[in-house]
Visitor: 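Sharing a structure with you now.
Hydrogens, waters and symmetry mates are skipped; everything else that's a heavy atom, side chains included, is used.
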Amino acid sequence: MSVAMVTGASRGLGRALAGELAARGWDLVVTARGARALAEAASELARAPGVRVTAVAGDVSSAEHRGALVAAARALGGLDLLVNNAGVLGTEPLVALAAQPLDGLREAFEVNVVGPLGLVQEALPLLREAGAGAPAGAGAVLNISSDAAVVAYGTWGAYGATKAAGDLLSAVLAVEEPALRVWWADPGSMRTRMMAAAEPGEDLAGLPSPQEVAPVLLRLVTEGLPSGRYTAQGLGVRAAGAGAGEPAAEPGAEPDAGGRR
């Protein structure tokens, strides 16, 4: 059975992605900072028939925690898919760069950039071993991005800078590890706690939910699409909700407008 690791899995997109994977029979290692919320999510995920779920609460910016996550995956038999979803904004609500707390920026880089790269480094031996047993034909990494990585939105500068760094690291990883599938994907704006915290005055009612977006992003896995940058809209999510039949974005394509996470 295939094994996936999902960070930021206690709520939002991470929880939705973990749920979709569990429904497809994947064993899971899930993590998030909040132990109680993570335990509740893991309990629900474990209801999927035959699925093993290991929950390890902690912060992905911690090297010790990253080691514990990879050890948990090894105990389940290996690692076929790493989903780097956990992230922080750097300050809540978002502010202009002139007012951006530098400590918040440092934290955002630690959680959004250093943590995911450290987890990739720790997990690479298992991902390289995944081989033909994984659905994509090899181990795979899915890094959650944002169109704030490539579009200059006011007040999104600090968060966007971390996502831009993540995009470049993903692209280089794809070059350096050609046997792996490496996707960096912009899910688009969603009705999430993070989005509400980023822009408290915004009306999120018309945005899709993470549960609508997650199965579309997982087309990357189920169809074994080539390494590259994708958007949920390009993979099939329309602006007002989920849709089907739209072509996938070409690897490296620019994101669709209005897709801040």
Side-chain angles (χ1 to χ4, degrees), residues 5-10 12-14 17 29-33 56-70 79 81-92 94-95 97 100-124 127 139-153 155-177 180-188 190 192-195 197-198 217 220 227-231 251-252 254-255 259-261:
M5 182 186 300
V6 183
T7 69
S10 63
L13 182 61
L17 287 168
V29 176
V30 292
T31 186
R33 286 176 168 179
V56 186
D59 192 324
V60 295
S61 66
S62 162
E64 181 178 0
H65 178 59
R66 295 192 297 267
L69 290 173
V70 173
L79 185 63
L81 172 65
L82 168 60
V83 181
N84 279 313
N85 167 77
V88 297
L89 290 168
T91 189
E92 297 179 7
L94 296 178
V95 296
L97 289 175
Q100 171 65 45
L102 297 184
D103 285 346
L105 179 62
R106 292 187 188 96
E107 180 194 19
F109 268 95
E110 285 290 333
V111 174
N112 301 356
V113 183
V114 178
L117 176 58
L119 197 47
V120 166
Q121 291 173 336
E122 192 82 26
L124 264 178
L127 291 168
V141 178
L142 171 55
N143 292 326
I144 299 303
S145 183
S146 167
D147 75 339
V150 294
V151 179
Y153 297 113
T155 74
W156 287 83
Y159 177 77
T162 69
K163 290 301 182 178
D167 278 11
L168 183 56
L169 290 178
S170 300
V172 173
L173 181 65
V175 171
E176 295 176 344
E177 298 288 338
L180 302 184
R181 298 294 176 98
V182 182
W183 308 294
W184 47 114
D186 167 19
M190 297 173 288
T192 63
R193 188 180 304 181
M194 174 180 274
M195 193 66 183
L217 289 183
L220 295 166
S227 295
R229 191 180 201 280
Y230 293 84
T231 69
E254 289 299 310
R260 300 182 301 286
R261 176 165 174 255

Visitor: For a 4.5 angstrom cut-off between non-hydrogen side-chain atoms, does Pro101 reach Val95?
Guide: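 With C-beta onward as the side chain, the pair touches.
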Visitor: First locate atom CZ of Arg193, then atom CD of Glu92, and finally report the distance between them rounded to the nearest 0.5 Å.
Guide: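 Arg193 atom CZ to Glu92 atom CD measures 10.0 Å (nearest 0.5 Å).
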Visitor: Apply side chain to side chain contact (heavy atoms under 4.5 Å, CB included) to Val150 and Asp186, showing your working.
Guide: CA-CA 11 Å; Val150 294; Asp186 167 19; over 6 Å; no
Visitor: Can any side-chain N or O of Thr162 pair as donor or acceptor with the backbone N or O of Val113 at less than 3.5 Å?
Guide: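 A pair under 3.5 Å: no.
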Visitor: Check the pair Leu79, Val70 against side chain to side chain contact (heavy atoms under 4.5 Å, CB included), reporting the backbone distance first and the verdict last.
Guide: CA-CA 8 Å; Leu79 185 63; Val70 173; 5.7 Å; no
Visitor: What are the two closest non-hydrogen atoms of Ala174 and Ser227, and how far apart are they?
Guide: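 Ala174 and Ser227 have their closest heavy atoms at CB-CB, 4.0 Å.
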Visitor: Taking salt bridge (charged side-chain N to carboxylate O under 4.0 Å, His left out) as the test, write out the residues that go with Glu177, two or more places apart.
Guide: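 Applying salt bridge (charged side-chain N to carboxylate O under 4.0 Å, His left out) to Glu177 gives Arg128.
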Visitor: If the condition is salt bridge (charged side-chain N to carboxylate O under 4.0 Å, His left out), which residues does Glu110 pass it with, not counting sequence neighbours?
Guide: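 Listed in chain order: nothing, the list is empty.
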Visitor: Ala161: which residues meet the side chain to side chain contact (heavy atoms under 4.5 Å, CB included) condition with it, sequence neighbours left out?
Guide: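 Ala161 satisfies side chain to side chain contact (heavy atoms under 4.5 Å, CB included) with Phe109 only.
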Visitor: List for me each residue that meets side chain to side chain donor-acceptor pair (under 3.5 Å) alongside Glu107, sequence neighbours excluded, and say none if there are none.
Guide: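 Partners of Glu107 under the side chain to side chain donor-acceptor pair (under 3.5 Å) test: Arg33.
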Visitor: Return the set of residues passing side chain to side chain donor-acceptor pair (under 3.5 Å) with Asn143 (not counting sequence neighbours), or none when no residue passes.
Guide: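 Asn143 satisfies side chain to side chain donor-acceptor pair (under 3.5 Å) with Asn84, Ser170 only.
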Visitor: Give, for atom CH2 of Trp184 and atom CG of Leu169, the distance between the pair rounded to the nearest 0.5 Å.
Guide: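 That separation rounds to 10.5 Å.
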Visitor: Rounded at 0.5 Å granularity, tell me how far OG1 in Thr7 sits from CG in Leu119.
Guide: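 Separation between the atoms: 7.0 Å.
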Visitor: Hey, could you give me the CG/CG distance between Leu180 and Leu81, rounded to the nearest 0.5 Å?
Guide: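 Rounded to the nearest 0.5 Å, the CG-CG separation comes to 11.0 Å.
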Visitor: Could you tell me if the side chain of Val120 sits less than 4.5 Å from the side chain of Val182, heavy atoms only?
Guide: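 No; the side chains remain at least 4.5 Å from each other.
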Visitor: If you take all heavy atoms of Leu97 and Ala158, which pair is closest and at what distance?
Guide: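 So the two residues come closest at CD2-N, 3.8 Å.
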Visitor: So which atom in Ala108 and which in Val88 form the shortest heavy-atom distance, rounded to 0.1 Å?
Guide: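 The pair with the smallest heavy-atom distance is CA-CG2, 3.6 Å.
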Visitor: Could I get the full list of side chain to side chain contact (heavy atoms under 4.5 Å, CB included) partners for Gln121, not counting sequence neighbours?
Guide: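 Counting only residues at least two positions away or on another chain, Gln121 forms a side chain to side chain contact (heavy atoms under 4.5 Å, CB included) with Leu117.
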Visitor: Might you point out which heavy atoms bring Met194 and Gly87 nearest each other, and give the distance in Å?
Guide: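 The answer is CE-O, 3.2 Å.
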Visitor: Can you see which heavy atom on Pro187 is nearest to which on Ser145, and at what distance?
Guide: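 Nearest heavy atoms, Pro187 then Ser145: CD-O, 3.4 Å.
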Visitor: Can you measure from CG (Asp103) to OG1 (Thr91) and round to the nearest 0.5 angstrom?
Guide: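 OG1 of Thr91 is found 10.5 Å from CG of Asp103.
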Visitor: Using the side chain to side chain contact (heavy atoms under 4.5 Å, CB included) rule, take Tyr159 and Asn112 through it: C-alpha gap first, then chi angles, then the decisive distance, then the call.
Guide: CA-CA 9 Å; Tyr159 177 77; Asn112 301 356; 3.9 Å; yes
Visitor: Find the distance between CG (Leu89) and CH2 (Trp156) and round it off to the nearest 0.5 Å.
Guide: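 It comes to 6.0 Å.
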Visitor: If I compare all heavy atoms of Ala32 with all of Ala9, which pair ends up nearest, and what's the gap?
Guide: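 That closest heavy-atom pairing would be CB-N, 4.1 Å.
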